[in-house]
Participant: 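The structure follows.
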Number of protein chains: 2
Amino acid sequence: MTEDKKIECCDITEVHEDIVNHVRSKLPEESLLYDLAELFKVFGDSTRVRILVTLFESELCVCDIAEVLGMSQSAISHQLRVLKQGKLVKNRREGKSVFYSLADDHIRTIFQQGFDHIQE
Amino acid sequence: MTEDKKIECCDITEVHEDIVNHVRSKLPEESLLYDLAELFKVFGDSTRVRILVTLFESELCVCDIAEVLGMSQSAISHQLRVLKQGKLVKNRREGKSVFYSLADDHIRTIFQQGFDHIQE
DNA sequence: CTTTCATATGAACATATATTCATATGTATA
DNA sequence: TATACATATGAATATATGTTCATATGAAAG
């Protein structure tokens with residue numbers, strides 16, 4: 001039952017308890033929300049954002065990304081690893097080079113929505 | 001001019017230099033990309049994601065959010081501050097309580113796209 | 001097989017950040 | 001005014017994370 005569940009804070013207990021229970025019943029599964037946060041965490045670094053935006057234009061090898069962004073090959077490589085783990089980029093080998101590209105198109109949509117939010 | 005700009009890595013210099021210059025010219029302003037990363041950084045924490053999803057359902061006071069998520073009032077209050085700074089939530093005072101709600105609807109769209117990305 | 005070059009990776013370091021604890025602020029009520 | 005309660009906040013702590021440096025891996029060429 002729910003009536004043995006008591007809310008300690010907030011005086012107007014009954015009203016809030018209803019709302020609390022309703023909201024709780026509507027919440028998505030914990031693991032889904034965790035995964036969502038993990039996805040946004042990957043987007044939440046300016047180096048990774050810059051890499052992804054760079055890849056909007058063209059498939060690129062690691063050293064070209066480093067050149068475009070003015071950063072070390074190692075730093076870029078580490079971040080590409082994070083992006084790959086998040087399934088945001090894919091890569092293919094061509095001789096000594098490895099070319100990276102966007103894994104799917106949700107990224108563009110999400111970034112566009114992000115831009116919209118910022119610019120208002 | 002551009003020809004004095006030399007790429008140290010990558011043997012096939014000429015080809016890559018073209019791509020690098022092209023991509024560079026298409027990149028959005030640095031500050032915009034920084035702000036975008038800052039926005040996603042706010043989304044990139046499971047407590048804040050859970051707070052936002054909670055607010056999808058209903059306006060709530062701080063102690064109710066804490067109750068729904070099973071966390072301390074202080075922790076929630078600190079995170080609400082971050083969300084407020086990111087202009088993702090707004091609040092209004094009603095007596096001793098402060099009610100928080102979503103600041104705009106981009107958040108739902110962004111989260112939906114995030115869910116879509118995860119579930120494929 | 002050895003060398004060269006592009007990329008990947010482990011360790012170390014510095015920085016950022018989420019939560020807790022204690023306490024301050026602000027509002028309503030006795 | 002004094003008390004109670006909801007919220008906010010500063011300091012401290014623990015943990016996560018981004019970059020650098022050194023080095024390993026892997027592919028092409030001599």
Side-chain angles (χ1 to χ4, degrees), chain A residues 6-13 15-16 19-20 33-34 37-52 59-86 89-101, chain B residues 6-13 15-16 19-20 34 37-38 40-52 59-86 89-101:
Chain A
K6 247 311 197 174
I7 297 170
E8 294 78 20
C9 63
C10 297
D11 269 4
I12 23 172
T13 308
V15 182
H16 289 212
I19 299 175
V20 163
L33 298 179
Y34 181 82
E38 287 302 301
L39 174 64
F40 289 132
K41 200 172 288 180
V42 177
F43 290 140
D45 172 78
S46 67
T47 297
R48 289 191 292 267
V49 164
R50 289 162 74 221
I51 291 174
L52 289 170
E59 173 190 69
L60 288 170
C61 71
V62 179
C63 74
D64 282 352
I65 299 172
E67 170 68 18
V68 169
L69 302 184
M71 293 181 62
S72 74
Q73 174 270 320
S74 180
I76 297 298
S77 190
H78 277 295
Q79 296 305 341
L80 284 169
R81 188 169 191 249
V82 175
L83 291 168
K84 184 104 190 281
Q85 283 172 338
V89 301
K90 60 191 177 195
N91 57 14
R92 70 182 176 84
R93 180 141 222 151
E94 187 178 306
K96 282 179 285 189
S97 298
V98 177
F99 286 85
Y100 282 81
S101 57
Chain B
K6 244 318 195 167
I7 297 172
E8 294 78 21
C9 61
C10 298
D11 269 3
I12 22 172
T13 308
V15 183
H16 290 212
I19 299 175
V20 164
Y34 181 83
E38 287 302 301
F40 288 132
K41 198 173 288 180
V42 177
F43 290 141
D45 172 78
S46 67
T47 296
R48 288 191 293 266
V49 164
R50 289 162 75 222
I51 291 174
L52 290 170
E59 173 191 68
L60 287 170
C61 71
V62 179
C63 75
D64 281 353
I65 299 171
E67 170 69 18
V68 169
L69 302 184
M71 292 182 64
S72 73
Q73 175 269 319
S74 180
I76 297 299
S77 191
H78 277 295
Q79 295 305 341
L80 283 170
R81 187 170 191 249
V82 175
L83 291 169
K84 183 105 189 280
Q85 284 172 339
V89 302
K90 59 190 177 197
N91 58 14
R92 70 181 177 84
R93 180 143 221 150
E94 187 178 307
K96 281 179 286 189
S97 297
V98 177
F99 287 84
Y100 281 83
S101 57

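As a basis for the values below, the full set of heavy atoms in this structure was taken, side chains included, without hydrogen atoms, waters or symmetry mates. Just so it is clear: chains get the letters A, B, ... in the order the sequence lines come, proteins before strands, and each one is counted from 1.
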Participant: List the residues meeting ring-ring contact (aromatic ring centres under 6.0 Å, His included) with Phe43(A), not counting sequence neighbours, and say none if there are none.
Facilitator: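 Checked Phe43(A) against ring-ring contact (aromatic ring centres under 6.0 Å, His included); matches are Phe111(A), Phe40(B).
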Participant: Does the side-chain ring of His78(B) sit on the six-membered ring of the dT9(D) base, less than 5.5 Å centre to centre and under 30° in tilt?
Facilitator: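 Base of dT9(D): stacked against His78(B).
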Participant: Quick one: is dT9(C) close enough that its OP1 or OP2 comes under 4.0 Å of any side-chain N or O from Arg81(A)?
Facilitator: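 Result: yes.
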Participant: Over how many whole Å does the gap from Gln73(A) atom CD to dT9(C) atom P extend?
Facilitator: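 One finds 11 Å between P of dT9(C) and CD of Gln73(A), rounded.
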Participant: Between Leu52(B) and Val89(B), does a side-chain contact (heavy atoms from CB on, under 4.5 Å) hold up when you go through it step by step?
Facilitator: CA-CA 8 Å; Leu52(B) 290 170; Val89(B) 302; 3.8 Å; yes
Participant: Considering non-hydrogen atoms only, spot the tightest contact between Met71(B) and Ala75(B) and give its length.
Facilitator: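 Heavy atoms only, the tightest pair is CE-CB, 3.9 Å.
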Participant: From the options dA28(D), dT19(D), dT7(D), select the nucleotide whose nearest atom is closest to the side chain of Cys61(B).
Facilitator: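 For Cys61(B), the side-chain atoms sit closest to dT7(D).
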Participant: For residues Ala37(B) and Asp45(A), report the shortest heavy-atom separation together with the two atoms involved.
Facilitator: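 What the structure gives for the nearest pair is CB-C, 3.7 Å.
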Participant: May I ask you to list the residues of residues 39-48 of chain A, by number, that have any heavy atom positioned under 4.0 Å from an atom of DNA chain C?
Facilitator: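 None, since no heavy atom is under 4.0 Å.
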Participant: Once rounded to the nearest 0.5 Å, what's the spacing between atom CG of Leu83(A) and atom OG1 of Thr47(A)?
Facilitator: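 Output value for this atom pair is 10.0 Å.
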Participant: Got a second to check how far Ser97(B)'s OG is from Asn91(B)'s CG, nearest 0.5 Å?
Facilitator: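 Rounded to the nearest 0.5 Å, the OG-CG separation comes to 12.0 Å.
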Participant: In whole Å, I'd like the distance from the CG atom of Asp64(A) to the P atom of dT7(C).
Facilitator: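 The answer, rounded to whole Å, is 8 Å.
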Participant: Find the distance Tyr34(B):OH to dG18(D):C1' and express it as a whole number of Å.
Facilitator: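 Whole-Å distance recorded here is 13 Å.
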Participant: For dC5(C), does the base pair up with any side-chain atom of Ser97(A) as donor and acceptor (N or O, under 3.5 Å, distance only)?
Facilitator: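 Per atom types, no contact qualifies.
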Participant: Is there a donor-acceptor contact under 3.5 Å from the side chain of Arg48(A) to the main chain of Arg50(A)?
Facilitator: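 Not at all, since once roles are kept as given, no pair shorter than 3.5 Å links the two residues.
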Participant: Taking CZ from Arg92(A) and C1' from dA27(D), how many angstroms apart are they, rounded to a whole number?
Facilitator: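 Atom CZ in Arg92(A) sits about 15 Å away from atom C1' in dA27(D).
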Participant: Between Met71(A) and Leu80(B), just flag the one whose closest nucleotide in DNA chain D comes earlier from the 5' side.
Facilitator: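 The answer here is Leu80(B).
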Participant: Please give, in whole Å, the distance from dA18(C) P to Ile51(B) CD1?
Facilitator: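 The distance from CD1 of Ile51(B) to P of dA18(C) comes to 11 Å, rounded to the nearest Å.
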Participant: Tell me: CD of Glu94(A) to P of dA28(D), nearest whole Å?
Facilitator: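 Distance, rounded to whole Å: 10 Å.
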Participant: Output the rounded distance in Å from CD (Gln79(B)) to P (dA8(D)).
Facilitator: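 Going from Gln79(B) (CD) to dA8(D) (P), I get 13 Å.
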Participant: Taking the side chain of Arg93(B) as heavy atoms from C-beta outward, which of dA8(C), dT27(C), dA8(D) is closest to it?
Facilitator: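 Nearest nucleotide to the side chain: dT27(C).
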Participant: Please step through side-chain contact (heavy atoms from CB on, under 4.5 Å) for the pair Val98(A) and Leu80(A), ending with a clear verdict.
Facilitator: CA-CA 11 Å; Val98(A) 177; Leu80(A) 284 169; over 6 Å; no
Participant: Side chain of Cys63(A) only, heavy atoms from C-beta on: which candidate in dT7(C), dT20(D), dA6(C) is closest?
Facilitator: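 Closest nucleotide among those given: dT7(C).
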Participant: Taking only side-chain N and O atoms of Tyr100(B), does any of them lie within less than 4.0 angstrom of OP1 or OP2 on dA8(D)?
Facilitator: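 Yes, Tyr100(B) has a side-chain N/O under 4.0 Å of OP1/OP2 on dA8(D).
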Participant: Distance check needed: dA18(C) C1' versus Gln85(B) CD, whole Å only.
Facilitator: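 Rounding to the nearest Å, CD of Gln85(B) and C1' of dA18(C) are 14 Å apart.
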Participant: Determine whether any donor atom in the side chain of Ser74(B) lies under 3.5 Å from an acceptor atom in the base of dC21(C), or the reverse, and answer yes or no.
Facilitator: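 Looking at the base of dC21(C), it does pair with a donor or acceptor on the side chain of Ser74(B) (distance under 3.5 Å).
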Participant: By the 4.0 Å heavy-atom rule, please label Ser72(A) as base, sugar-phosphate, or nothing.
Facilitator: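 Answer is sugar-phosphate: Ser72(A) comes under 4.0 Å of backbone atoms only.
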